[in-house]
Number of protein chains: 2
Amino acid sequence: MELTERQKQILGAIVDIYVSTAEPVGSKAIAALPDVKYSSATIRNEMAELTQMGLLEQPHTSAGRIPSPAGYRLYIDELMQDYRLSLDETRTLSQALELKSQEFDKMMSQVGKLVSKMTNLPAYTVATRQNEAVAKHFDLLMTAPGSIILVLMLSGDVVKNKLVKLPVHVTEQELKLLAAVLNASLTDLTAEQVTGELLEKITRSAGSAAPLVPLVLDFTLECLRQQHGDVHLTGQMRLLGQPEYRDAAEKAQEVFETLDEEMLTNLPAVLPKDGPVQFLVGPENVARELKDTSVVMMRFDIGDGMQGMIGVVGPTRMDYAKITAKLGYFAENLGRMFQKSTPNPPPVLPEGSENEE
Amino acid sequence: MELTERQKQILGAIVDIYVSTAEPVGSKAIAALPDVKYSSATIRNEMAELTQMGLLEQPHTSAGRIPSPAGYRLYIDELMQDYRLSLDETRTLSQALELKSQEFDKMMSQVGKLVSKMTNLPAYTVATRQNEAVAKHFDLLMTAPGSIILVLMLSGDVVKNKLVKLPVHVTEQELKLLAAVLNASLTDLTAEQVTGELLEKITRSAGSAAPLVPLVLDFTLECLRQQHGDVHLTGQMRLLGQPEYRDAAEKAQEVFETLDEEMLTNLPAVLPKDGPVQFLVGPENVARELKDTSVVMMRFDIGDGMQGMIGVVGPTRMDYAKITAKLGYFAENLGRMFQKSTPNPPPVLPEGSENEE
DNA sequence: ATTGGCACTCAGAGGGAAAGAGTGCTAAGC
DNA sequence: GCTTAGCACTCTTTCCCTCTGAGTGCCAAT
């Protein structure tokens, strides 16, 4: 069942209007649009049909129409216009991207804050590995007798560290030795390649630093197995700015709770691995609490087998085009930033940038 | 002006009731309490007086009374009963404290999540330095040609790292040399003690790794100057569970925004340095947006000149006694955990633990 | 095929009226 | 002289009713 051109136009218009007003759209409003040549009656007939097809919904008999989840899906897949960032928006974004490059994790959380601010929606960021992690370098530093800091460098320029306190005494010499052993035998191995045999061998070579070995190994394995870094979620409260949550503190709270728990741990796994942009519309979502809530996410390459993900969470009625554009701009520039390694802001403006909000 | 015993009892009762119902308290409700021997009329007279003294407030003429900020303050300072954790509560808390000791920063954020969950309020955690930070150890690791990771260990067992990308080529040898120079000349110095002179000396000794020096130094100084670690704020949404924010999404949003920005950066500075527990009641607060919002915070010692802070944010009408007790328990046990360094949960039950919610 | 017209529906706004909770004050009681 | 019962008064909250208006569906005319 194919839609006619007119039906597409009407569906598109309804989504566009509803997205910015959050109110059901009536036939008159459509008819009043400059490039609509038909009367409200015609529109009404078409709307009735679109409703029957399941693309529109009617909150109650005497209200206008709102897009159904299927309607959104169709809109996203076929009708959505590329939104061009306005000059103002690009400027703000470019400025925003001039982050002091800090520690990596902090930067991701910074990026999240920015995305949230720019979209006025809750945003999350994650860094995930694309391939198996391996250890690249071990370092053992003594801070006080019995107090040792283990610094572990992984592939992808990720550095982890952990404070280890040992009751037994270990000399600097022995630490150096152990570090050398670890660097010799444990680097460039994935979690699976670390066998019990290997562990024994290391323990034997470790001398009196042997009690340290299991602690180091546990930590190392834990780090290697971690498929993705911390998930940063910020700006949850911005969801309250959306009309659908205005006076529904309860609903908002539910969404937040789900976001906090389920989503953050599962989301990276749930999302399909391919394609840069993903949309999860309402009921397509994992958790039932999120049925009126949608997710837009975008991947970008960090290099070294790492991949960043930025996304926003919002009401199903959100301005997908605009948000995709903003996320895209972020992702593109972040990717570029990481690619050419020097932490300079990439001031690349998208062409055609004088349309406004 | 001293309060009579009866006035104290009435004020205390009003706070207690208001704290759990969030509704103005009438004279009848007080008179109905088991250990109140006076009629509602008498209570009314006393309430009128307390109102005149500025300890109570009346939302409107025909409503009951609620405590004024001054009333809360007096309650906290003089009337508050020690809340004893119930057996159930201690059990839950003890379980909760069995954290896998992870990287320090992550642990603080974990603690925040727990505190928030236990109190059902937004919670924040920070680690602050008590004295000047100094660098303890430098490490430079080459990951790829031109790509170097700087690992910096500070006093207080804090480890920071940063990825530095350099266009010039530096050999492993030169890196080792530079690290040695840094370790020799830059450790155990506070930020002020790092002079331009010293910088020059280091640059001279660095050989062809000299271009690295300013990058390393900037980062080091940045770390040294950082008085406190990341402020973790979690569970913001729980504020919505409080009746005063139920249908006031707007207000909640304002609070959140303020929390996010102002508070998180200023709070550690604003709070007085002494005493383990601090209360900031409503208008005593920094930001105007938080005038109906109060903060309870508690310090605990981490050792090595570091201090942890945990706190919650809630409506001014909150159960200070209960929250203080919970925070106290957390703080005490966290302190103990850090003290005796082995990451075991300390299962110390407070005496007398069979009262309930 | 499109459109103007019209009857119909239904959510939401507005406006009292009634209910209910609580007060302050007065006068009686211990 | 403190305490208390009683009562008139105040003011918010709730409920119900009506009215309005936006929007629909359908029919007949173009």
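Keep in mind that what you see is a predicted model, and the values were worked out from it rather than measured. Order of the sequence lines fixes the chain letters, A, B, ..., with proteins taken first and strands second; residue numbering starts at 1 for each chain.
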Could you tell me whether A/A41 contacts a base, only the sugar-phosphate backbone, or nothing, with contacts defined as non-hydrogen atoms closer than 4.0 Å? base
Only one of A/I43, A/I66, A/I30 passes side chain to side chain contact (heavy atoms under 4.5 Å, CB included) with A/V25; say which it is. A/I30
Residue-phosphate contact under 4.0 Å: A/S40 side-chain N/O, C/dT3 OP1/OP2: no
Name the closest nucleotide to the A/R6 side chain, picking from D/dT4, D/dT24, C/dT2. C/dT2
Side-chain contact check for B/S62: nearest option of D/dC11, C/dC25, C/dG4 is D/dC11
Given atom CG of A/L50 and atom C1' of D/dT24, what is their separation to the nearest angstrom? 15 Å
Measuring from the side chain of B/Q58 (C-beta onward, heavy atoms only), which nucleotide among D/dA5, C/dT2, C/dG24 has the closest atom? C/dG24
Verify the contact: side-chain N or O of B/T61 to OP1 or OP2 of C/dT23, cut-off strictly under 4.0 Å; return yes or no. no
Which distance, rounded to the nearest 0.5 Å, do you find between the CD1 of A/I14 and the CG of A/L79? 11.5 Å
Between B/R44 and D/dA5, is there a side-chain N or O to OP1/OP2 distance below 4.0 Å? no
Which is more 5' along DNA chain D, the nucleotide nearest B/H60 or the one nearest B/K37? Just name the residue. B/K37
To the nearest Å, give me how far apart OH (A/Y38) and P (D/dT30) are. 22 Å
Taking D/dT24, C/dG24, D/dT3 as options, the one with an atom nearest any side-chain atom of A/R65 is D/dT24
Any side-chain donor near an acceptor of the partner, A/Y320 and A/S294, under 3.5 Å: yes
Side chain of A/S39 - closest among D/dT4, D/dG25, C/dT3: C/dT3
Please report the distance, rounded to the nearest Å, between CD1 in A/I66 and C1' in D/dG23. 15 Å
